[in-house]
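Source: prediction; values computed, not measured. The chains referred to below are lettered A, B, ... by the order of the sequence lines, with proteins before strands, and numbering in each begins at 1.
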4 protein chains.
Amino acid sequence: MEFSEKQLEILHVAENLFSKNGFDGTSVRDIAQEAQVNVAMINYYFGSKDKLLDDLFTYRVEKFKMDESILNLTSPVMEILDEMISSYIKYMNSSLAIYQIIAIEAGVKRRLMLSDSYKNLKEHNLQVISSIIHRGIETGEFLSGNDPILIHATMMGTFMNFQMNKTFLKSQLNITTDEAYSKYMESTLVIHLQRTIKALLTYAY
Amino acid sequence: MEFSEKQLEILHVAENLFSKNGFDGTSVRDIAQEAQVNVAMINYYFGSKDKLLDDLFTYRVEKFKMDESILNLTSPVMEILDEMISSYIKYMNSSLAIYQIIAIEAGVKRRLMLSDSYKNLKEHNLQVISSIIHRGIETGEFLSGNDPILIHATMMGTFMNFQMNKTFLKSQLNITTDEAYSKYMESTLVIHLQRTIKALLTYAY
Amino acid sequence: MEFSEKQLEILHVAENLFSKNGFDGTSVRDIAQEAQVNVAMINYYFGSKDKLLDDLFTYRVEKFKMDESILNLTSPVMEILDEMISSYIKYMNSSLAIYQIIAIEAGVKRRLMLSDSYKNLKEHNLQVISSIIHRGIETGEFLSGNDPILIHATMMGTFMNFQMNKTFLKSQLNITTDEAYSKYMESTLVIHLQRTIKALLTYAY
Amino acid sequence: MEFSEKQLEILHVAENLFSKNGFDGTSVRDIAQEAQVNVAMINYYFGSKDKLLDDLFTYRVEKFKMDESILNLTSPVMEILDEMISSYIKYMNSSLAIYQIIAIEAGVKRRLMLSDSYKNLKEHNLQVISSIIHRGIETGEFLSGNDPILIHATMMGTFMNFQMNKTFLKSQLNITTDEAYSKYMESTLVIHLQRTIKALLTYAY
DNA sequence: AATGAATGAGACTTCATTCAT
DNA sequence: TATGAATGAAGTCTCATTCAT
């Protein structure tokens with residue numbers, strides 16, 4: 001799907017507003033005003049508000065696919081795992097708005113979850129994780145018996161928890177700016193997840 | 001705060017609808033209809049839709065406090081940790097609706113996050129986790145250097161991730177009923193979290 | 001009609017609120033709250049909000065009758081006229097709230113104007129003025145040909161104009177307090193009206 | 001400010017209803033129905049009911065400015081005074097509806113009185129009256145010591161009194177039609193005010 | 001006699017969408 | 001292609017009143 005410049009601007013504005021106020025909490029008027037276009041244009045371009053969300057999702061979803069090229073690396077599997085976690089968290093953090101929307105609107109109601117591309121995305125990412133784990137098992141570095149689904153849920157969930165409790169956690173961590181919080185996630189949080197997942201995969205309690 | 005039977009019914013209905021459709025996606029008409037009361041009654045009882053959410057939150061929030069009496073147990077700290085994780089997940093799972101609401105509405109906009117009781121709840125739970133970790137460090141069973149904030153985020157986030165991706169994960173796990181999914185979380189997921197957190201606290205990779 | 005103490009308090013509160021916010025701008029809840037009674041009590045005591053206004057009117061209307069005993073004075077008619085104007089303005093000024101209500105609600109809609117007691121009041125006052133004028137004509141001090149209706153309208157209208165433009169006139173007259181404004185009306189305004197009406201009645205331009 | 005034809009119709013309908021039933025006594029539904037437009041259109045055009053009143057006021061207020069060109073006339077000041085009174089009353093009488101609204105809503109509550117244009121209007125009119133009086137004093141035809149504020153209040157108040165007691169006065173004056181009442185005000189009332197004010201300005205009792 | 005609980009009606013406003021151009 | 005105008009539906013909330021006790 002190709003989007004014109006105007007359409008792209010609308011998508012970006014919508015993405016921002018949806019992430020701040022939720023889908024239901026954002027009106028097409030809000031979007032039109034901030035994108036400096038006519039209200040009618042949203043429907044003209046996207047058909048409806050619902051379809052706008054679909055298009056936004058389709059537009060962004062590709063970027064949430066884990067980069068499977070890391071599977072081709074000859075690096076030690078431990079490094080590949082670290083890299084996967086690090087780059088995934090960094091990417092999610094940089095495209096936070098849409099991810100927030102997905103997390104919320106996928107939980108709520110029918111929206112998005114029905115979408116095939118959403119399912120494909122999830123399956124792809126699980127597959128990448130799964131491949132890494134299997135490789136580690138083959139090299140004898142990872143223990144078997146760990147479900148990629150649980151690993152993925154831990155990685156994703158921990159990150160999202162940091163997003164959704166931003167206000168509270170900033171005060172707990174004595175972080176004052178959004179930039180510092182973002183940096184914290186890309187360093188301390190990444191390290192925590194790397195340690196956590198590696199411990200899980202290597203340590204038989 | 002004391003609630004009459006009618007008020008409680010309204011709260012329960014609202015809780016259910018908010019968790020399914022979000023706050024903005026639920027109208028007072030919807031609530032009134034499902035609770036079989038007059039629309040005006042919602043405002044009569046709670047003042048406004050916003051205040052209804054506040055009251056619902058206040059009504060439920062107490063139950064999300066971790067039971068600190070486990071700190072008084074003389075059991076090995078490892079068992080206390082297991083028990084904490086198990087009972088917390090089980091409780092969240094049984095009071096899922098409100099938790100879903102909190103997770104979403106706390107992320108979106110100003111709502112709830114501002115609430116003192118929300119902050120108190122979070123701080124209390126962090127304190128309980130912190131106490132357990134410190135005890136483990138004292139007995140030499142846990143490594144030092146692990147931030148309770150990260151532990152808590154991992155536990156909570158993983159659980160929430162299971163909630164918010166229910167539809168997708170059910171299909172991935174070949175689970176057909178909500179009951180089976182719930183049972184999965186209270187067994188497999190709990191064990192996963194227990195293993196994960198214990199690995200983290202005991203194993204220096 | 002006899003009113004209990006509670007009823008009287010309600011009437012006084014209603015009078016005050018009606019004069020400040022108008023009849024439609026005042027809710028029975030407002031009245032109940034300020035009078036510290038149950039909402040249902042307004043209807044219980046007065047039947048309806050409309051009837052409350054009726055009762056308030058009936059309760060107060062008697063006091064707006066000009067004191068006809070001044071007609072029995074043997075003073076010069078000029079002094080009687082002065083006294084009538086002075087005491088009428090002073091009385092209206094002291095019972096301002098209800099008069100404001102009457103002025104507004106009588107102009108708006110059907111309310112009050114239909115009331116017999118309102119008509120009787122007006123006729124009574126016109127009669128008193130008329131008697132004074134006639135006496136002046138008989139003594140040769142007043143010119144004939146002046147309609148009491150116009151005299152009354154001038155007196156009443158000028159006073160009400162001062163009421164309804166209070167905010168503006170206070171600033172124009174450099175008056176800062178309500179008390180000073182009230183005093184202005186009972187002195188300067190009274191003198192103006194006395195001069196105006198006497199000029200009219202005695203001077204054929 | 002420019003208004004479309006539809007907007008003007010709404011304004012006219014609103015003006016009429018507000019004058020009959022008061023602002024609070026008129027619903028946007030009433031206005032929409034009588035103007036034969038959609039209810040939503042009132043908000044679409046004017047933003048809110050309050051802003052509609054503002055716009056109505058702005059739209060009409062200009063017309064209530066006394067024509068200051070009469071100050072340029074070389075006619076005797078007595079004629080200028082007569083002309084001022086006559087044309088002012090005639091104009092108010094022809095634009096009665098809005099004036100009724102102003103009189104009521106300016107007295108009640110905060111509305112309008114706060115408006116700058118209202119204050120400007122009042123100041124302008126006082127200025128015109130003041131100029132005429134000063135000219136009369138200069139020519140030796142008027143006595144000094146008369147406050148234009150009191151003159152204005154008398155003129156305006158007497159007229160408004162006739163408006164607000166229309167029902168009662170019609171019966172007192174044996175006038176059956178609104179047209180006849182209107183004619184009475186433009187003749188007898190005007191003459192009364194001219195005589196009154198001239199007597200006041202020329203006669204030292 | 002008095003009142004807390006409850007309610008239908010209607011208030012103003014905003015919504016996403018469509019129409020006519 | 002693009003948009004200003006318009007609208008029906010629905011939103012939340014307040015109203016005066018009544019009911020059951």
Worksheet item: Starting at CD of A:Gln36 and ending at C1' of F:dA2, how long is that distance when rounded to a whole Å?
Response: 17 Å
Fill in: Gap between atoms NZ and P, on D:Lys6 and F:dG4 respectively (whole Å)
19 Å
Item to complete: Could you say whether C:Val28 or B:Val28 is positioned toward the 5' end of DNA chain F, judged by the nucleotide with the nearest heavy atom to each?
Response: B:Val28
Worksheet item: Nearest-Å distance, CG (D:Leu17) to P (E:dC12)?
Response: 12 Å
Worksheet entry | Interatomic distance, C:Phe46 CZ vs F:dT17 P [rounded to whole Å] | 13 Å
Item to complete: Would you mind telling me which of F:dG8, E:dA1, F:dC15 lies closest to the side-chain atoms of D:Ala40?
Response: F:dG8
Practice prompt. Would you tell me if any nitrogen or oxygen in the side chain of C:Asn43 comes within less than 4.0 Å of OP1 or OP2 on F:dA16?
Written response: no
Discussion item. Between A:Asp55 and A:Thr58, is there a side-chain donor-acceptor contact under 3.5 Å, judged purely by atom types and distance?
Written reply: no
Worksheet item: Within less than 4.0 Å of OP1 or OP2 of F:dA2, is there a side-chain N or O belonging to A:Asn38?
Response: no
Worksheet item: Quick one: is A:Ser27 getting a side-chain N or O under 4.0 Å of the E:dT14 phosphate, OP1 or OP2?
Response: no
Worksheet item: Would you call the rings of D:Tyr59 and D:Phe3 parallel, tilted or perpendicular if under 30° counts as parallel and over 60° as perpendicular?
Response: perpendicular
Worksheet item: Within the distance-only criterion (no hydrogens, no angle test), does the side chain of C:Glu105 pair as donor or acceptor with the backbone N or O of C:Phe23 below 3.5 angstrom?
Response: yes
Worksheet item: Any side-chain N or O of A:Tyr45 less than 4.0 Å from the OP1 or OP2 oxygen of F:dA2?
Response: yes
Worksheet, complete the sentence: Taking for D:Ser4 and for B:Ile42 the nucleotide of DNA chain F with the nearest heavy atom, the one nearer the 5' end belongs to D:Ser4
Worksheet item: Taking for each residue the nucleotide of DNA chain E with the nearest heavy atom, is it A:Val39 or D:Ser48 whose nucleotide lies nearer the 5' end?
Response: D:Ser48
Discussion item. Please report the distance, rounded to the nearest Å, between CD1 in C:Ile31 and P in F:dT14.
Written reply: 17 Å
Worksheet item: Would one find a side-chain N or O of D:Arg29 under 4.0 angstrom from OP1 or OP2 of E:dG10?
Response: no
Discussion item. Please check: side-chain N/O of C:Lys49 versus main-chain N/O of C:Thr26, any donor-acceptor pairing under 3.5 Å?
Written reply: yes
Item to complete: Find the distance A:Ile10:CD1 to F:dT1:C1' and express it as a whole number of Å.
Response: 13 Å
Practice prompt. Could you tell me whether D:Lys122 sits above the aromatic face of D:Phe64, with NZ or CZ closer than 6.0 angstrom to the six-membered ring centre and within 45 degrees of the axis?
Written response: no
Item to complete: Can you tell me the distance, in whole Å, between the CZ atom of A:Phe23 and the C1' atom of E:dA16?
Response: 10 Å
Discussion item. If I take atom NZ in residue A:Lys49 and atom P in nucleotide E:dT14, what distance separates them, rounded to the nearest angstrom?
Written reply: 15 Å
Discussion item. At less than 4.0 Å, is any side-chain N or O atom of D:Tyr44 found next to OP1 or OP2 of F:dT7? Yes or no.
Written reply: no
Discussion item. Please name the nucleotide paired to F:dA5 by Watson-Crick or G-U wobble geometry with both distances under 3.5 Å, or report none.
Written reply: E:dT18
Worksheet item: Given that both distances must come in under 3.5 Å, which nucleotide forms a Watson-Crick or G-U wobble pair with E:dG10?
Response: F:dC13
